[in-house]
S.K.: 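The structure's right below; bear with me while I get my questions together.
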Amino acid sequence: MSSVADWFEQRGVYVPGEDNHSVDPWRDFGWLIVAWLLGCGTFILFLALAV
């Protein structure tokens, strides 16, 4: 079962009890950054096509 935990740790997935690490924006908020960039890109593309 520890191999499953090691698999998640290697990919930067949250591990309970590991709250003492510094905040890494890409590790902690990467999905939010990507979603925001995709949303902005879609909005800009929509405006470009609407003109």
Side-chain angles (χ1 to χ4, degrees):
M1 193 65 168
S2 67
S3 63
V4 175
D6 292 338
W7 184 84
F8 278 102
E9 280 186 6
Q10 290 172 359
R11 282 150 187 82
V13 180
Y14 173 74
V15 177
E18 194 181 294
D19 294 331
N20 58 356
H21 73 280
S22 62
V23 175
D24 180 15
W26 280 113
R27 177 180 170 167
D28 298 332
F29 305 109
W31 62 273
L32 186 61
I33 295 169
V34 169
W36 184 80
L37 290 174
L38 285 174
C40 287
T42 303
F43 182 69
I44 291 171
L45 183 64
F46 173 75
L47 289 179
L49 293 174
V51 172

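Model, not experiment: these values are computed from the prediction. Sequence positions, counted from 1, serve as the residue numbers for this chain. Below, each value reflects all heavy atoms present in this structure, side chains not excepted, and no hydrogens, waters or symmetry copies.
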S.K.: Can you tell me how far CG of L49 sits from CD1 of I44, rounded to the nearest 0.5 angstrom?
M.R.: 12.0 Å
S.K.: If Ile, Leu, Val, Met, Phe, Trp and Tyr residues are connected whenever their side-chain heavy atoms lie under 4.5 Å apart, and connections chain through other members, are L38 and I33 in the same group?
M.R.: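 Yes; I33 is reachable from L38 via cluster members.
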S.K.: OG1 of T42 to CG of L47: how many Å apart, nearest 0.5 Å?
M.R.: 11.0 Å
